[in-house]
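Below: the structure, in structure tokens.
Since the model is a prediction, treat every value here as computed from it, not as a measurement. The analysis underlying the following values was restricted to heavy atoms, covering all of them including side chains, and did not include hydrogens, waters or symmetry mates.
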Number of protein chains: 2
Amino acid sequence: PISQDIDHILETQSALAIDLGGTNLRVAIICKRGNIEKRYIQANPKTFEARMQLILKMCKDAVRDADCLNCRILGVGVSTGGRVNPQEGVVLHSTKLIQDWSTVDLRTPISNALHLPVWVDNDGNCAALAEKKFGHGKGVESFVTIITGTGIGGGIVHENELVHGSTFCAAELGHIMVSLEGPECSCGSRGCIEAYASGLALQREARRLHNEDLLKVEGVDMKISEPITAAHLISAARLGNSKADAVLNKASKALGVGIINILHVVNPALVILSGILSSYYQAPVQQIISERALFSAQSVKVVTSDLEEPALLGAASMVLDYATRRVY
Amino acid sequence: PISQDIDHILETQSALAIDLGGTNLRVAIICKRGNIEKRYIQANPKTFEARMQLILKMCKDAVRDADCLNCRILGVGVSTGGRVNPQEGVVLHSTKLIQDWSTVDLRTPISNALHLPVWVDNDGNCAALAEKKFGHGKGVESFVTIITGTGIGGGIVHENELVHGSTFCAAELGHIMVSLEGPECSCGSRGCIEAYASGLALQREARRLHNEDLLKVEGVDMKISEPITAAHLISAARLGNSKADAVLNKASKALGVGIINILHVVNPALVILSGILSSYYQAPVQQIISERALFSAQSVKVVTSDLEEPALLGAASMVLDYATRRVY
Ligand SMILES: [Ca+2]
Ligand SMILES: [Ca+2]
Ligand SMILES: [Zn+2]
Ligand SMILES: [Zn+2]
């Protein structure tokens, strides 16, 4: 019957999603329901030319594979670090976490190479879109999401819409400052929550302790092999290393105070943490909010994302929502 | 002619505006064009009962005077410190800057006593409404205003509307924290910009210097008579007192970093400073933004309000806009 055919066609609608992060370049084929059908991962090249070349190559491979997987690609969604003009599909400016990545028109070359429509937004904004379509943000009118990876990104949904800001610089939540001095940040300032609580910041502290031979735990075989990461810091702290614990406490405090600042600006109904460190940060952040937020903001709920890949899913959601809005 | 009569009637439309601050209780009769026809000022009483009694008395006096001034009062607008539910006309919660001022229904008693409709909002939000109707915010889709008085209040206009937040705690800009530790704040937390840069914070520092005999300037007769205020600090700094200068530098830095945090959350097109210290803070805040904000946010303009009484004018604007919206 025809209705079944239409259902089947709708089912096969898929998106190509790209996530350009501080460490990796990832591409995925994502179907309408949010399942990741296939994924590709490479180290993110350090130069503009190599990066663009790799993006196009990975996309072409993915489009070819999509055909075999019976996924009909409606368009390409790109999540990237840095400030993005989503109307133009242009990366305006990035911190040094992604080098050689300012004033980059992503839409034109990708669209020309693949003959598909292209949407681009900032990684934190994409994570917010993912939460809204597939995650804890479903049906929540106002929420904020904070994604901790190499850096810290964020997205804000106010009255069911992303807040982009007058110069596309809203929700740059990693660069909320919680100290007048504090550690140097990738953005050139100091005291940003990214400089205290990101994966890179914790790795920096873990290495510092390791170099001073302070990351070990008395009586425990830590089996530390390079490269040292935030994970070593967390396990050292759990095993009773007070230096590691102090670093993580400070990171949690910085993140918590930064999140309170967001509460005192837009006062969302929900805070969603995502990224590898989110399950670690959830409880201390909720605690700090109860201690230091204004009474009227203390009741906000802090949850950990259920989504495996918020940035990729958000990139896909732009395609799935906007392409079909246009088609039907 | 009839059209002239209508013009005349429209001209006489006025509002009763009330401003409940940390120091004073003020009432004004404000006409449609934003002129303050008459004003009344008293110290804000310390208890709920005395305060409510004084509000009602001052309002009744003002209504009587309005009649003589040929001002037709359409309603009452109240600007108050603390978190406000404007739909209900209720003060939800205040910091200790206004004592005994939580869960207070302002609409019912004022409306009952005067037989007029009553609108209530937070002082910072009222200041934003005033800028939107009468000041630099006219025609600006997104802006933020920061009002420095005894404390620090704020208001955010996003897509031409005030941002109230999910629990009416948005735009509590005085309680943006710029330090993990820092000076104690009236809200119970530490490191809030209010605790660094408000009139009360500067007065505290001025008194501290004065008590240590450090507020004087070598070779200059400072003529310091109690009470010591922020003004003494500013003149000592201008006359070359480096201790006073350091306090003001830190206050400016804290305010500037706090404002950058707002830029990185909502990225407004304009920042409007108001209150007695605004002309002092404007230049250093603009400077700190150029040094520490993300590139895409650095170009935001920081201006000083032209309005004499933003909180009172904003309180009046609720009446003038909402009452006439209902009538016509
Ligand atoms: Ca963002
Ligand atoms: Ca406010
Ligand atoms: Zn930063
Ligand atoms: Zn505070």
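With rounding to the nearest 0.5 Å, the separation of CG in B:D121 from OG1 in B:T80 is 10.0 Å. Atom CG of B:N267 is separated from atom CZ of A:R83 by 10.0 Å, given to the nearest 0.5 angstrom. Atom CZ in B:R107 sits 9.0 Å away from atom CD in B:Q87 (nearest 0.5 Å).
A:D100 places a side-chain N or O within 3.5 Å of a backbone atom of A:F48 that can act as its donor or acceptor partner. For B:N44 (side chain) and B:G21 (main-chain N/O), a donor-acceptor pair under 3.5 Å exists by modelled atom type. Side chain of B:H175 to main chain of B:E194: no donor-acceptor pair is present (N/O by atom type, distance under 3.5 Å, no hydrogens or angles). Side-chain atoms of A:E205 never come within 3.5 Å of backbone atoms of A:L233 as a donor-acceptor pair (strictly under, hydrogens ignored). Distance alone, capped at 3.5 Å, places no donor-acceptor pair between the B:D105 side chain and the B:V90 backbone. Put simply, the side chain of B:R51 gets close to the backbone of B:Q99: a donor and an acceptor are under 3.5 Å apart. Using a distance-only test at 3.5 Å, with no hydrogens or angles considered, a donor-acceptor pair links the side chain of B:S278 to the main chain of B:G275. The backbone N or O of B:G81 lies less than 3.5 Å from no partner atom in the side chain of B:N122, so there is not a single donor-acceptor pair.
The candidate from A:I176, A:V265, A:I262, A:T95 with the greatest count of non-hydrogen atom pairs under 4.5 Å with chain B is A:V265. If you tally non-hydrogen atom pairs under 4.5 Å between each of A:L294, A:V266, A:V257 and chain B, the highest count goes to A:L294.
The minimum heavy-atom distance between A:V78 and A:M318, with the atom names listed, is O-CE, 3.7 Å. Across A:G124 and A:T145, no two heavy atoms sit closer than the pair O-CG2, 3.8 Å.
Applying a 4.5 Å heavy-atom cutoff, the residues of residues 244-253 of chain B that approach chain A are B:K250, B:K253. Of residues 179-189 of chain A, those residues with a non-hydrogen atom less than 4.5 Å from any non-hydrogen atom of chain B are, in numerical order, A:S179, A:L180, A:E181, A:C187, A:S189. Of residues 150-174 of chain B, those residues lying under 4.5 Å from chain A by any heavy-atom pair are B:I156, B:H158, B:V163, B:H164, B:G165, B:S166, B:T167, B:F168, B:C169, B:A170, B:A171, B:E172, B:L173.
Shown here are the salt bridge (Lys or Arg N to Asp or Glu O under 4.0 Å) partners of B:K133, two or more places apart in sequence or in another chain: B:D321.
When the options A:N85, A:V91, A:V84, A:L92 are evaluated for a side chain to side chain contact (heavy atoms under 4.5 Å, CB included) with A:E88, the one that passes is A:N85.
At a 4.5 Å heavy-atom cutoff, A:S102 makes no contact with chain B through either its backbone or its side chain. In this structure, chain B has a heavy atom under 4.5 Å from the backbone of A:L263, while its side chain stays farther away. B:R292 touches chain A through backbone and side chain together, each having a heavy atom under 4.5 Å away.
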